[in-house]
Amino acid sequence: MKPRPFKLIRVDSAEGASEALARHGEEARILAGGQSLVPMMNFRVAAPAVLVDINACTGLGGITRTGDIIRLGALTRHRETATSTLVADALPLLAMAMPHVGHLAICNRGTFGGSLAHADPAAELPACALLLDGSVVIGSLRGERRVAAADFFRGLYTTAIEPDELLLAVEFQARRPNAVFAFHELARRHGDFALAGIAASAIRVGEMLGDIAFVGFGIADRPVLLPSVARLAAGALPRLPQIAALKEALAADVEILPDNQQSPAMKAHIVAELILDALGQLSRKGTA
Amino acid sequence: MDDLVVVSMTVNGRAVRRAVSPRQSLADFLRQDLGLTGTHLGCEHGVCGACTIVVDGRIQRGCLSFAAQMEGHTVETIEGATASGRLAALQTAFRERNALQCGFCTPGILLTAAEFLADNPRPIRDAIRTALSGNVCRCTGYHAIVDAVASAAEALS
Ligand SMILES: Cc1cc2nc3c(=O)[nH]c(=O)nc-3n(C[C@H](O)[C@H](O)[C@H](O)COP(=O)(O)OP(=O)(O)OC[C@H]3O[C@@H](n4cnc5c(N)ncnc54)[C@H](O)[C@@H]3O)c2cc1C
Ligand code: FES
Ligand code: FES
């Protein structure tokens with residue numbers, strides 16, 4: 001369980017990282033928290049010839065607010081996101097999701113940018129980024145560009161990041177007044193990746209819910225928006241939809257893939273139950 | 001062989017400067033090069049917690065970072081934490097409650113519990129279980145460990 005030999009390049013700025021990536025091309029990988037990449041290297045699923053260590057980079061970390069925009073630097077550790085009052089106030093969905101992400105030792109190290117760049121289909125943060133319509137800021141020697149979360153996740157462990165590019169930050173709109181959120185997942189053990197999960201949002205005015213949206217994760221090769229499920233839920237209000245109808249809507253939105261433990265039918269059932277939990281939470285007064 | 005990298009760090013209060021292979025994990029470096037064998041390696045992919053060490057005051061997996069990354073950092077292992085006395089209450093509670101059998105998981109669990117208790121001095125039982133969810137023990141069945149952390153919390157408060 002040791003990685004293949006590699007060359008380690010330690011950089012102290014985003015520019016330095018971009019230069020190293022430009023020089024070494026597809027041979028190189030960014031090393032952030034290492035909580036996903038190093039296990040893959042130890043298993044020899046990944047064997048990059050060059051690692052560009054960005055942990056000493058200044059200006060890549062931190063959570064800041066400018067007007068209505070909240071920016072999470074790529075190197076923001078999970079622990080910082082989980083304990084940030086700015087996140088708790090302006091991005092309550094992230095605050096709800098963080099307790100499900102990894103264990104303490106993992107969260108001290110793992111990064112926001114690393115989680116998005118890794119694009120594990122069962123990971124919590126990509127699902128949140130999609131539901132919150134995050135804007136992923138990507139840089140290289142060629143310049144900076146922005147990719148909407150909906151275009152960023154391209155498939156299993158695959159994103160819009162090109163080999164010479166670095167994820168710099170992710171930006172989110174602060175919560176709108178009356179916006180409510182819910183986050184539910186099923187995992188075998190606290191801190192493990194989800195067997196399946198649901199992130200949900202809505203606008204609540206009095207007893208009424210509008211603008212309902214759902215993202216499912218751990219069910220396909222990437223997090224997926226569930227528009228048919230949202231329409232069904234909106235139509236059924238103030239009652240909850242039937243499980244059978246939910247499963248039909250789910251099938252219209254996504255082809256659920258099995259994993260090594262569960263069939264698509266089992267996953268569909270779990271997700272349908274999680275959607276009911278989420279709807280219950282969205283409708284309840286006094287929740288965030 | 002691959003090219004060695006020279007790295008300087010502080011380990012248990014001592015300045016250390018060594019040439020290391022980039023692919024050597026921090027845990028292997030501590031064990032093999034410094035003889036600090038209290039850091040254990042179980043799974044080498046982040047799930048068992050036996051390799052837990054403290055870097056710059058926060059626990060992390062010794063199997064998921066490389067010694068070569070530690071330039072300028074401060075590392076504390078179970079040996080250093082024990083010598084400092086900061087684990088004494090936990091260690092007494094672990095002994096009294098029989099919270100270890102083979103002891104393979106114990107260094108990682110002690111360091112994890114210490115960081116958890118520093119942030120949560122009066123934890124409920126469920127919170128202790130959650131905090132230790134990233135540490136696997138094959139011997140005790142966990143109850144005694146949770147008991148020990150709870151009684152250490154009481155002793156400390
Ligand atoms: C035991 C264990 C349990 C875990 N449980 C969970 C969980 O429940 N939920 C969850 O979401 N995650 C979990 N994780 C994974 C953890 O959240 C990772 O930290 C995260 O997925 C990757 O972040 P990282 O900073 O460690 O990235 P790294 O491992 O350093 O990198 C991951 C990938 O992203 C690339 N990359 C990283 N940063 C950048 C960047 N700025 N620009 C371009 N590319 C970049 C790397 O090249 C690599 O390909 C777990 C990990 C472990 C070991
Ligand atoms: S050896 Fe590091 S977590 Fe298991
Ligand atoms: S005491 Fe043996 S593994 Fe925990």
Side-chain angles (χ1 to χ4, degrees), chain A residues 1-12 29-57 77-80 82-83 98-111 114 118 187-193, chain B residues 1-5 7 20-28 41-73 108-109 111-116 118-120 126-136:
Chain A
M1 287 286 291
K2 312 291 179 194
R4 291 244 172 80
F6 56 84
K7 184 172 149 70
L8 182 72
I9 301 180
R10 295 172 284 192
V11 295
D12 55 14
R29 290 283 276 277
I30 295 288
L31 175 62
Q35 304 300 293
S36 295
L37 181 55
V38 180
M40 289 172 72
M41 289 171 61
N42 288 356
F43 279 122
R44 304 213 173 181
V45 178
V50 176
L51 281 189
V52 181
D53 182 357
I54 59 171
N55 283 282
C57 286
R77 310 283 172 189
H78 295 333
R79 186 189 187 110
E80 191 185 343
T83 54
M98 287 318 294
H100 298 281
V101 180
H103 318 282
L104 187 54
I106 308 298
C107 292
N108 282 341
R109 234 14 229 166
T111 67
H118 186 57
R188 293 213 182 267
R189 187 172 67 145
H190 171 264
D192 284 1
F193 281 102
Chain B
M1 265 310 279
D2 41 345
D3 296 340
L4 299 186
V5 181
V7 59
V20 297
S21 161
R23 73 188 188 115
Q24 187 179 36
S25 74
L26 177 55
D28 276 339
L41 282 152
C43 66
E44 300 192 289
H45 66 278
V47 303
C48 78
C51 65
T52 304
I53 39 122
V54 183
V55 177
D56 300 334
R58 293 276 182 210
I59 55 162
Q60 66 175 56
R61 301 296 203 222
C63 68
L64 297 187
S65 45
F66 301 107
Q69 294 184 275
M70 289 298 118
E71 180 64 37
H73 291 283
I109 292 189
L111 292 172
T112 304
E115 180 164 325
F116 168 68
D119 293 343
N120 306 274
D126 262 6
I128 299 174
R129 280 201 169 270
T130 301
L132 297 179
S133 62
N135 293 76
V136 175

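Quick caveat, the model's predicted, so the values are computed rather than measured. Proteins come first, then strands; the chains are lettered A, B, ... in the order of their sequence lines, and each starts at number 1.
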K.L.:
Can you confirm whether B:L41 sits close enough to A:M1 that some side-chain heavy atom of one is under 4.5 Å from a side-chain heavy atom of the other?
P.N.:
no

K.L.:
Could you pull out the closest heavy-atom pair between B:S133 and A:H190, with the gap in Å?
P.N.:
OG-ND1, 3.0 Å

K.L.:
Which bit of A:M40 is near chain B, if near means a heavy-atom gap under 4.5 Å: side chain, backbone, both or neither?
P.N.:
neither

K.L.:
On a heavy-atom basis, which atom in A:I106 and which in B:G46 lie closest, and how many Å separate them?
P.N.:
CD1-O, 3.9 Å

K.L.:
Mind checking the CD-CG spacing from B:E71 to A:D53? Nearest 0.5 Å is all I need.
P.N.:
11.5 Å

K.L.:
Judged by atom type as modelled, is there a donor-acceptor pair below 3.5 Å linking the side chain of A:N108 to the main-chain atoms of B:R58?
P.N.:
no

K.L.:
Name the region of B:D119, side chain, backbone, both or neither, that has any atom closer than 4.5 Å to a heavy atom of chain A.
P.N.:
side chain

K.L.:
Does B:T112 reach the side chain of A:H103, with side-chain heavy atoms less than 4.5 Å apart?
P.N.:
no

K.L.:
Do the non-hydrogen side-chain atoms of B:L64 and A:P39 ever get within less than 4.5 Å of each other?
P.N.:
yes

K.L.:
Is it the backbone or the side chain of A:R4 that comes under 4.5 Å from a heavy atom of chain B, or both, or neither?
P.N.:
backbone

K.L.:
Rounded at 0.5 Å granularity, tell me how far CG in B:L111 sits from CG in A:L104.
P.N.:
11.0 Å

K.L.:
At their closest point, which heavy atom of A:L8 faces which heavy atom of B:A68, and how far apart are they?
P.N.:
CD2-CB, 3.6 Å

K.L.:
Counting only non-hydrogen atoms closer than 4.5 Å, does A:L31 touch chain B with its backbone (N, CA, C, O), its side chain (CB onward), both, or neither?
P.N.:
side chain

K.L.:
Rounded to the nearest 0.5 Å, how far does CD of B:Q60 lie from CZ of A:R77?
P.N.:
8.5 Å

K.L.:
For B:V47 versus A:R189, what's the shortest heavy-atom pair and its separation?
P.N.:
O-NH2, 3.9 Å

K.L.:
State, yes or no, whether a side-chain contact exists between A:R109 and B:R61 at a heavy-atom distance under 4.5 Å.
P.N.:
no

K.L.:
Atom OG in B:S25, atom CG in A:N42: separation rounded to 0.5 Å?
P.N.:
7.5 Å

K.L.:
Is any side-chain heavy atom of B:E44 closer than 4.5 Å to one of A:K2?
P.N.:
yes

K.L.:
Where do B:F66 and A:P3 come nearest, in terms of heavy atoms and distance?
P.N.:
CE2-CG, 3.9 Å

